[in-house]
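A short write-up of the structure that comes next.
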2 protein chains.
Amino acid sequence: MQRIAVEDRRAALLAAAVRVIARGGMARASTRAIAAEAGMPTASFHYVFTSHAAMVEELVAAILAAQSVAVAGSVAEAGSLREFVGGALQGWLDRAAEDPEVEVALHEIVAWSRSSAELRRLAERVYDGYAGSIGAFVRAAEERFAVRWAVPREDVARFVLVITDGVAARWLVDRDDAAARRSLATGAGAVLGLVEA
Amino acid sequence: MQRIAVEDRRAALLAAAVRVIARGGMARASTRAIAAEAGMPTASFHYVFTSHAAMVEELVAAILAAQSVAVAGSVAEAGSLREFVGGALQGWLDRAAEDPEVEVALHEIVAWSRSSAELRRLAERVYDGYAGSIGAFVRAAEERFAVRWAVPREDVARFVLVITDGVAARWLVDRDDAAARRSLATGAGAVLGLVEA
DNA sequence: CGCGGAGTTGGACGCTCGTCCAACTCCCGG
DNA sequence: CCGGGAGTTGGACGAGCGTCCAACTCCGCG
């Protein structure tokens, strides 16, 4: 019965939601399970969020915002294009491996969003967020190292996302950090191969 | 009330399940929805399958068997390593694009299988199936074109799967066939780059 | 022609879900 | 010190879920 600021409840429920989703998938991420994880009665959920779907939308927005900040920081220092590309990909993996629940939750939400037509916009927003972050990274590489790509810039960004997505999908199943790191190193080499000689 | 052979019911229900899963995701693929899609009463579902989970397992096994047959056929004629690699990847995309529901359903099942610990073995089996098919393809390339890889054979196979998985994940969201084709062409070039000079 | 077992299915059981509201508690302005 | 609005929540509602079984129908064998 303790009184808690609505913003604090919101933050606690969002954090609890990430844990519940990562643990048992969207299928088990009910309002009851999330509220219990946060140590609140079920009814508190609907005092903070208008609906279960609205809470998922807020969660996605929060995760995407945090990720785009993190990516911007990881390209700060790099002496060569090789360091830049490799550092960005391995940096992405380091962050994902260090706090896997957020990564798992995001993939889970994207898969779950296919269950209805209006939810599908959510998945598109996630990929727009990804594309924006990676597009900024590709442009930064062009400016810092005077790179010209053998394919359109948009295809470079798309290929980078193919690699990170493919690695993440496999890692979600086998949790093999070392293999993910090797795949990412191979992928970094492939991206470097897209540079015009 | 018409009498139908159990095998025919089984096939009809599996086909209906693929359609329902592709249309609305695992979340909406209830026994009632699948039976209705197949034009049967709900109770027929449990006359054929012991449970909903058992039906999903049979579905996965059937899809994997069909896919491994298809992949084996696509590497039949190829004059060069470039044709071999490019043909296999584009061939995979052609089959997936021609009959997207099966591909969608399989990805949906893998995502859904994270909701419980014992189901997680299902996802592992799917990836074992993929790895087997792609491993055979990599070995065939070695024998037919006397290829030596710059990285272990297992990592080549893993990287190919990263590419197909990443392309599929993106295509599931934006359904952009042309972009998928370009990403796959870039990926084929990257695989060729793994050949020892 | 009749009977027994196989095939078939309507309906019910117990459960979880998202959502909501009436009732309770608490704090602050007067 | 007290009244009232804001904060809080137990419990209920209807819907959908997987599963099961008793009862019905039908066919082939004797």
Side-chain angles (χ1 to χ4, degrees), chain A residues 1-14 16-17 19-21 23-60 105 108-109 111-119 122, chain B residues 1-14 16-17 19-21 23-60 105 108-109 111-119 122:
Chain A
M1 179 150 324
Q2 44 190 331
R3 307 218 154 188
I4 304 176
V6 180
E7 301 80 30
D8 292 346
R9 276 192 196 276
R10 185 185 310 272
L13 283 169
L14 288 176
R19 290 195 298 272
V20 170
I21 294 170
R23 194 190 312 139
M26 260 303 150
R28 297 214 189 291
S30 62
T31 59
R32 284 168 174 79
I34 293 169
E37 173 79 19
M40 300 179 193
T42 306
S44 292
F45 187 99
H46 282 91
Y47 180 70
V48 175
F49 301 108
T50 64
S51 74
H52 183 264
M55 176 259 154
V56 176
E57 292 219 28
E58 284 198 34
L59 182 56
V60 167
E108 208 69 39
I109 292 171
W112 169 79
S113 73
R114 275 191 275 276
S115 65
S116 102
E118 72 243 32
L119 249 37
L122 229 187
Chain B
M1 178 150 325
Q2 44 189 329
R3 307 219 154 188
I4 305 176
V6 180
E7 300 80 29
D8 291 347
R9 276 193 195 276
R10 186 185 310 272
L13 283 169
L14 288 176
R19 291 196 298 274
V20 171
I21 293 170
R23 193 190 311 137
M26 259 302 150
R28 297 215 188 290
S30 62
T31 58
R32 284 166 173 81
I34 292 169
E37 173 79 19
M40 300 177 192
T42 306
S44 292
F45 187 99
H46 283 92
Y47 180 71
V48 175
F49 301 108
T50 62
S51 74
H52 183 264
M55 178 259 151
V56 176
E57 290 218 31
E58 283 198 34
L59 182 56
V60 167
E108 208 68 38
I109 291 170
W112 169 80
S113 72
R114 275 191 275 276
S115 64
S116 102
E118 71 243 33
L119 248 38
L122 229 188

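Quick note on labels: first sequence line is chain A, next is B, and so on, each numbered from 1. Values in this document were obtained by computation on a predicted structure and should not be read as measured data.
Dashed line: the shortest gap from a side-chain N or O of B:Ser44 to OP1 or OP2 of C:dT8 is not under 4.0 Å. Contact annotation: B:Ser51 side-chain N/O to D:dG18 OP1/OP2 distance is not under 4.0 Å. In this model, the phosphate group of D:dG16 is not approached by any side-chain N or O of B:Arg28 to a distance below 4.0 Å at OP1 or OP2. Considering only side-chain N and O atoms, A:His46 lies under 4.0 angstrom from the phosphate OP1 or OP2 of C:dT19.
With hydrogens and angles ignored, no donor-acceptor pair under 3.5 angstrom links the side chain of B:Arg32 to the base of D:dG16. The base of D:dT25 sits with one of its N or O atoms less than 3.5 Å from a complementary donor or acceptor on the side chain of B:Arg3.
The side chain of A:Ile4 has D:dT8 as its nearest neighbour among D:dC20, D:dT8, C:dC20. The side chain of A:Ala43 lies closest to D:dT9 when the candidates are D:dG18, D:dT9, C:dT19. The side chain of B:Tyr47 lies closest to C:dT9 when the candidates are C:dT9, D:dT19, C:dT19.
The backbone N or O of A:Ala29 sits less than 3.5 Å from a side-chain atom of A:His52, completing a donor-acceptor pair.
Using a 4.0 Å heavy-atom cutoff across all strands shown, A:Ser30 reaches sugar-phosphate atoms only and no base atom. Contact annotation for B:His52: backbone-only contact, meaning every heavy-atom pair under 4.0 Å involves sugar-phosphate atoms and none involves a base.
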Exercise for review: Just do the side-chain contact (heavy atoms from CB on, under 4.5 Å) check on B:Leu119 and B:Val56 with the steps written out, would you?
Suggested key: CA-CA 10 Å; B:Leu119 248 38; B:Val56 176; over 6 Å; no
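When all heavy atoms are compared, the tightest approach of B:Ala105 to B:Ile21 is CA-CG2, 3.7 Å.
For B:Arg28, there are no salt bridge (Lys or Arg N to Asp or Glu O under 4.0 Å) partners, not counting sequence neighbours.
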